[in-house]
Amino acid sequence: MKNINITRKISQGMYVLTTKNGGCIVDAVSQISSGENPLISVSVMKKNYTNELLKNNNKFAISILGKDVNPDIIKTFGFNSGRDMNKFENTEVNQVEGINVIKDSLGYMICEIVDSIDNDTHTLFIGKLIEADIYSEKEEMSYGYYQEHKEELLKVTTEKGKTAWICTICGYVYYGDEVPEDFKCPLCGVGKELFKKQE
């Protein structure tokens with residue numbers, strides 16, 4: 001039996017990855033070298049618009065999220081596509097090295113891309129740390145904490161009088177009496193079996 005939930009025990013955090021013109025939520029960030037300009041890696045889904053943007057930019061920023069972050073930041077950057085909206089429109093940011101970083105974070109790292117590695121579902125971008133600052137010493141949000149508290153963090157408000165089905169993975173809301181058999185979540189790609197009817 002393969003229980004893939006064991007991956008939630010890997011110690012990793014929750015971050016907003018940004019680059020020029022976009023950004024998304026990521027959890028797979030690692031420091032892979034040391035020194036004055038350590039290398040930082042971040043893994044981004046290939047289908048994400050941010051992946052496309054990173055391939056046309058030479059820098060990225062990582063904003064580290066705390067446990068008390070405004071959940072709207074996770075909703076905005078995690079469950080929407082930059083192809084459809086300006087994610088920065090209602091988010092307070094600072095500009096550093098020409099990139100937006102999230103004010104409601106514990107701090108940020110700005111990296112210059114030095115390499116990228118494609119695999120079947122993600123691209124691993126490797127950047128050299130060129131600028132960084134700490135905004136707060138509060139406790140960071142781990143991926144495990146996010147998974148345990150996802151329901152309260154991502155409370156979904158649905159339209160009254162409509163039957164709503166909510167994706168249990170990303171929070172996307174489908175309205176209709178039933179979710180079609182061949183339906184795929186437009187945000188995370190899962191099938192109808194992972195949609196739960198709003199009670």
Side-chain angles (χ1 to χ4, degrees), residues 1-34 38-65 73-85 87 99 102 108-129 140-148 150 153-154 165-174 179-196:
M1 177 181 137
K2 180 170 68 174
N3 187 344
I4 62 170
N5 288 334
I6 189 62
T7 60
R8 296 178 184 177
K9 302 296 183 186
I10 296 172
S11 181
Q12 54 195 45
M14 293 289 288
Y15 314 90
V16 177
L17 165 69
T18 49
T19 190
K20 191 175 178 183
N21 299 321
C24 65
I25 292 286
V26 293
D27 56 57
V29 174
S30 297
Q31 179 179 336
I32 56 174
S33 76
S34 57
L39 294 178
I40 307 295
S41 70
V42 57
S43 184
V44 187
M45 285 182 73
K46 284 184 174 181
K47 70 178 185 177
N48 280 12
Y49 182 54
T50 306
N51 188 306
E52 186 180 316
L53 292 174
L54 284 167
K55 289 182 175 176
N56 294 300
N57 284 287
N58 64 348
K59 292 177 189 169
F60 63 80
I62 301 286
S63 298
I64 295 107
L65 301 183
I73 290 175
I74 297 174
K75 291 176 188 175
T76 298
F77 286 88
F79 307 132
N80 296 283
S81 172
R83 292 185 183 93
D84 306 322
M85 69 177 290
K87 296 184 182 183
I99 302 175
I102 308 301
Y108 66 85
M109 299 176 279
I110 306 289
C111 298
E112 189 176 273
I113 297 172
V114 296
D115 202 359
S116 64
I117 302 165
D118 275 338
N119 65 36
D120 55 343
T121 59
H122 288 63
T123 303
L124 187 70
F125 293 93
I126 300 170
K128 178 174 67 174
L129 185 69
E140 64 275 4
M141 182 185 291
S142 71
Y143 181 68
Y145 178 90
Y146 166 74
Q147 287 295 337
E148 286 173 26
K150 185 163 65 171
L153 285 167
L154 304 178
W165 298 81
I166 300 170
C167 176
T168 56
I169 301 301
C170 75
Y172 176 82
V173 180
Y174 174 85
V179 180
E181 285 299 323
D182 60 350
F183 186 78
K184 297 289 182 191
C185 178
L187 294 181
C188 68
V190 299
K192 71 164 284 186
E193 67 278 2
L194 290 174
F195 277 74
K196 183 181 177 183

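From a predicted model like this one, the values you see are computed outputs, not experimental measurements.
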Visitor: At what distance, to the nearest 0.5 angstrom, does OG of Ser34 lie from CG of Leu129?
Guide: 12.0 Å

Visitor: Of all heavy-atom pairs between Pro180 and Tyr174, which one has the smallest distance, and what is that distance?
Guide: CD-OH, 3.3 Å

Visitor: Is there a donor-acceptor contact under 3.5 Å from the side chain of Glu193 to the main chain of Phe195?
Guide: no

Visitor: Just verifying a value: how many Å separate Ile62 CD1 and Thr18 OG1, rounded to the nearest 0.5 Å?
Guide: 7.5 Å

Visitor: Quick one: does Thr76's side chain get under 4.5 Å of Met85's, heavy atoms only?
Guide: yes

Visitor: State, yes or no, whether a side-chain contact exists between Asp27 and Tyr146 at a heavy-atom distance under 4.5 Å.
Guide: no

Visitor: Flag the pair Tyr15 / Leu17 as yes when at least one side-chain heavy-atom distance between them is below 4.5 Å, and no otherwise.
Guide: no

Visitor: Might you point out which heavy atoms bring Ala61 and Ile99 nearest each other, and give the distance in Å?
Guide: CB-CG2, 3.8 Å

Visitor: Give, for atom CZ of Phe125 and atom CG of Leu54, the distance between the pair rounded to the nearest 0.5 Å.
Guide: 4.5 Å

Visitor: Answer whether the closest heavy-atom distance between the side chains of Ile64 and Met109 falls below 4.5 Å.
Guide: yes

Visitor: Give, for atom NZ of Lys59 and atom SG of Cys111, the distance between the pair rounded to the nearest 0.5 Å.
Guide: 11.0 Å

Visitor: Where do Ile25 and Ile73 come nearest, in terms of heavy atoms and distance?
Guide: CD1-O, 4.3 Å

Visitor: Just by modelled atom types, is the Glu112 backbone N or O under 3.5 Å from a matching donor or acceptor in the Asn58 side chain?
Guide: no

Visitor: Work out which heavy atom in Lys55 is nearest to a heavy atom in Thr123; give both atom names and the distance.
Guide: NZ-OG1, 3.7 Å

Visitor: Does any part of the side chain of Thr19, heavy atoms only, come nearer than 4.5 Å to the side chain of Ile113, both counted from C-beta?
Guide: no

Visitor: To the closest 0.5 Å, what do you measure between OG (Ser41) and CD1 (Ile32)?
Guide: 4.5 Å

Visitor: Ignoring hydrogens and angles, write down the donor-acceptor pairs under 3.5 Å from the side chains of residues 43-50, residues two or more places apart or on other chains.
Guide:
residue	atom	partner	partner atom	Å
Lys46	NZ	Asn119	O	2.6
Lys47	NZ	Cys188	O	3.1
Thr50	OG1	Gly23	O	3.2

Visitor: At their closest point, which heavy atom of Glu181 faces which heavy atom of Lys192, and how far apart are they?
Guide: OE2-NZ, 3.2 Å

Visitor: Within this structure, what is the CD1-NZ distance for the pair Ile74 and Lys150, rounded to the nearest 0.5 Å?
Guide: 11.0 Å

Visitor: Within a strict 4.5 Å, meaning less than it, do heavy atoms of the Lys128 and Leu39 side chains meet?
Guide: yes

Visitor: Between Val179 and Trp165, which heavy-atom pair has the shortest distance, and what is it?
Guide: CG2-CG, 3.4 Å

